[in-house]
Asker: 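The structure's right below; bear with me while I get my questions together.
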Amino acid sequence: MSTLTAGRDAQALHRAAAPDYFGWLEHTRAAGGCTRPIRLTGTLTAVEPGTGRVLAEQHTDELPDGTLYKACGNRRAAQCPDCAWVYAGDAFQVVRCGLTGGKTIPATVSAHPVVFATFTAPSFGPVHHRHIPRHTCATRRRCDCRPAPCRARSTAAGTCPHGRPAACFTRHDAEDPQLGRPLCLDCYDHDHQAVWNYSSGELWRRTKQAIERHLTAVCRRRGISHVQVVADSGRIRRVPPVRVSHGKAAEMQRRGAVHFHVLLRLDGVDPHDRHALVPPPAGLTVDDLDAAVHAATRQITVTTPPHPDRPQGWPVAWGEQVDVRRIGTSDGDVTDAKVAAYLAKYATKSTEVTGYCSTRLTPDTVDAYADPEGDHLARLIDACWRLGRPTRHHTTRTARKTEARQGDLDPTPNEYAGLRRWAHMLGYGGHFLTKARRYSVTFGLLRDTRAAYRRTEHADTADSDNAAGTVTVGTLAFVGSGWLTDGDALLAHTAAAQRRERQRVGREELAHEAWSGVAA
């Protein structure tokens with residue numbers, strides 16, 4: 001047994017032998033499985049809402065460890081598995097409710113046309129990949145099919161301009177670290193990929209607008225008129241009879257390029273309540289939504305602003321692989337539950353699949369990750385940092401042009417400055433799970449519901465009645481993060497894992513009883 005393990009076990013035994021152990025365990029329950037919980041100190045005050053009268057007051061010095069523990073709430077599984085597990089559950093509910101209804105979303109949305117589209121990035125150079133031309137396995141999760149050679153068809157090319165082989169005959173395993181790496185680092189366009197990641201959010205915004213415009217044109221050709229609705233200002237506006245609500249998850253590929261998995265739901269517009277979720281007009285089907293997605297991806301291209309390194313900018317468009325599948329709620333390959341679980345899984349991931357993970361980079365730390373002559377990821381980070389270098393800004397356009405004529409400044413300010421902020425994300429600065437406002441419930445609603453449930457979960461009836469009319473006001477300050485000792489972390493994580501296991505078994509028992517009742 002190592003010294004560190006022995007010390008941790010001794011700390012755990014010392015804590016477990018303390019008289020207030022079970023009180024401490026209950027006190028830390030909210031942050032039990034968190035890797036680095038937030039420690040807060042201050043005063044908790046119970047106030048009567050109607051009068052503002054203070055009913056009770058407690059300082060955190062009276063609590064175990066003299067502090068209040070709060071889970072960090074990090075969504076990334078690589079940083080905090082327990083908080084990411086909670087986030088994934090919320091993400092599943094957000095996505096699922098947009099498909100089947102529930103939690104303030106009407107169940108009628110399950111009859112709306114829905115497609116599941118995957119938008120990929122274009123090629124920035126040949127990379128090692130794993131391709132299975134024909135699957136013979138029973139399940140893709142345990143696929144053992146033999147892959148095809150990586151790039152055997154490139155034999156005619158011989159070598160690239162830098163003298164490296166343009167072909168690869170290796171049949172890569174699923175965990176081969178070479179997957180996603182360029183065949184030639186010097187041929188690969190790292191600058192273009194960094195800019196594509198940075199501009200992919202704008203590309204998606206314009207694509208969704210194009211999808212809605214295409215559907216509006218279909219309505220016009222079929223004689224479906226616009227809808228007159230009353231705006232918040234009281235004015236009457238004419239709006240298209242359909243709108244598209246989406247739920248979108250971003251996934252980082254092995255090569256470091258982001259691509260999107262998007263649920264697109266076709267909704268109608270209620271002239272009396274523009275916030276209501278109603279079916280689309282009769283005559284519009286999932287075929288029209290499918291055709292609109294394909295038409296939009298073909299026509300939308302974004303040209304980025306000029307850059308000193310590339311005055312003409314970079315073209316930003318979708319890759320050739322745009323997959324559109326239709327969602328069904330019955331048993332099949334693509335169901336609402338499978339799609340919701342799929343998107344929730346990627347909502348807790350980031351750049352881990354590329355083999356790289358770090359926090360936000362600074363001028364003091366970037367040299368440890370960026371290298372113009374390094375490997376694929378080092379060159380991507382270097383491209384983000386170099387293209388996002390600061391430029392001088394002026395208050396007037398005239399001053400900018402004057403100094404540009406004198407050779408002191410490029411006439412265009414650097415719209416790429418955000419690349420440095422998101423260099424640790426390889427240029428992508430968007431959230432990994434987003435949705436339209438009317439697609440589904442919000443994370444805030446789910447968190448508030450969970451918090452309200454926890455406040456009364458273990459309270460008896462009398463305490464619940466007393467607590468129902470009070471509001472707890474916390475005057476708290478941050479004092480640190482993480483557990484006080486490794487032993488405390490071991491005990492808290494073990495208790496949290498046992499609670500999760502009990503919840504899993506309980507859900508399985510309830511499902512079994514429900515199924516037994518139906519079968520009987």
Asker: Taking NZ, NE, NH1 and NH2 as the nitrogens, is one of them in R222 or D288 under 4.0 Å from a carboxylate oxygen of the other?
Answerer: yes
Asker: Please check if the side chain of S110 supplies one atom and the backbone of A107 the other of a donor-acceptor pair under 3.5 Å.
Answerer: yes
Asker: With distance as the sole test, does S123 use its side chain to make a donor-acceptor pair with the main-chain N or O of G125 at under 3.5 Å?
Answerer: yes
Asker: Is the backbone N or O of A295 less than 3.5 Å from a side-chain atom of H214, with the two atoms forming a donor-acceptor pair by type?
Answerer: no
Asker: When you measure from the side chain of D323 to the backbone N and O of T120, does any donor-acceptor pair fall under 3.5 Å?
Answerer: no
Asker: Would you call P280 and P113 a side-chain contact if the rule is heavy atoms closer than 4.5 Å?
Answerer: yes
Asker: Do the ring planes of H190 and H376 sit parallel (below 30°), tilted (30 to 60°) or perpendicular (above 60°)?
Answerer: tilted
Asker: For the residue pair H172 and H128, is the inter-centroid distance of their aromatic rings smaller than 6.0 Å?
Answerer: yes
Asker: Does a side-chain heavy-atom distance below 4.5 Å link I211 with V293?
Answerer: yes
Asker: Looking at H431 and L433, would you say the former's side chain and the latter's main chain have a donor-acceptor pair under 3.5 Å?
Answerer: yes
Asker: Sub-3.5 Å donor-acceptor pair from the side chain of R360 to the main-chain atoms of R421, do we have one?
Answerer: yes
Asker: Between T100 and C97, is there a donor-acceptor pair closer than 3.5 Å when you use the side chain of the first and the backbone of the second?
Answerer: no
Asker: Tell me yes or no: between the side chains of W318 and T207, is some donor less than 3.5 Å from an acceptor?
Answerer: yes
Asker: Hey, does R255 have a side-chain heavy atom less than 4.5 Å from the side chain of R181?
Answerer: no
Asker: Distance only, no hydrogens: is a donor on one side chain within 3.5 Å (strictly under) of an acceptor on the other, for H246 and K435?
Answerer: no
Asker: Indicate yes or no: at least one non-hydrogen side-chain atom of K248 is less than 4.5 angstrom from one of H261.
Answerer: no
Asker: Check the surroundings of atom NE2 in H162: do more than 12 heavy atoms from other residues, nucleotides or ligands lie under 6.0 Å from it?
Answerer: yes
Asker: With a 4.5 Å limit on heavy-atom distance, are the side chains of Q312 and T303 in contact?
Answerer: no
Asker: Decide if atom NZ of K208 counts as having more than 12 heavy atoms of other residues, nucleotides or ligands within a radius under 6.0 Å.
Answerer: yes
Asker: Assess whether atom CZ of R310 is packed by more than 12 heavy atoms of other residues, nucleotides or ligands within 6.0 Å.
Answerer: yes
Asker: For the residue pair G427 and L419, what are the closest heavy atoms and their distance?
Answerer: CA-CD2, 3.9 Å
Asker: Decide if the gap between the ring center of H424 and the ring center of W385 is smaller than 6.0 angstrom.
Answerer: no
Asker: Do side-chain atoms of R265 reach the backbone of G98 as a donor and acceptor pair under 3.5 angstrom?
Answerer: yes
Asker: Looking at D336 and K338, is any side-chain nitrogen of the basic one under 4.0 Å from a carboxylate oxygen of the acidic one?
Answerer: no
Asker: Using ring centroids (six-membered ring only for Trp), state whether F124 and H192 fall under 6.0 Å.
Answerer: yes
Asker: Before accepting this row, confirm whether a basic side-chain N of the pair R205/E202 lies closer than 4.0 Å to the acidic partner's carboxylate O.
Answerer: yes
Asker: In terms of side-chain geometry, is the basic nitrogen of D173 or R130 positioned less than 4.0 Å from the acidic oxygen of its partner?
Answerer: no
Asker: Are Y428 and W422 an aromatic pair by the rule of ring centers under 6.0 Å?
Answerer: no
Asker: Flag the pair V479 / L40 as yes when at least one side-chain heavy-atom distance between them is below 4.5 Å, and no otherwise.
Answerer: no
Asker: Ignoring hydrogens and geometry beyond distance, is a side-chain donor-acceptor pair present between T304 and Y198 at under 3.5 Å?
Answerer: no
Asker: Is the shortest side-chain heavy-atom distance between T216 and H226 below 4.5 Å?
Answerer: yes
Asker: So which heavy atom on P147 is nearest to which on I132, and how close?
Answerer: CA-CG1, 4.0 Å
Asker: In this structure, are over 12 heavy atoms from other groups packed under 6.0 Å from Q321 atom CD?
Answerer: no
Asker: Check this for me, if you would: do R450 and D90 make a salt bridge, where the nitrogen-to-carboxylate-oxygen distance has to be below 4.0 angstrom?
Answerer: yes
Asker: Check whether the side chains of T348 and R75 place a donor and an acceptor atom closer than 3.5 Å, and report yes or no.
Answerer: no
Asker: Any donor and acceptor pair, going by atom type alone, linking the side chain of Q178 with main-chain N or O of V127 inside 3.5 Å?
Answerer: no
Asker: Is there a donor-acceptor pair closer than 3.5 Å between any side-chain N or O of R39 and the backbone N or O of Y69?
Answerer: no
Asker: Any side-chain donor paired with an acceptor under 3.5 Å for T354 and T351?
Answerer: no
Asker: So R171 and D176, salt bridge (charged side-chain N to carboxylate O under 4.0 Å, His left out) or not? Walk me through it.
Answerer: CA-CA 10 Å; R171 300 179 188 269; D176 193 334; over 6 Å; no
Asker: So do the side chains of R326 and D290 get within less than 4.5 Å of each other, counting heavy atoms only?
Answerer: yes
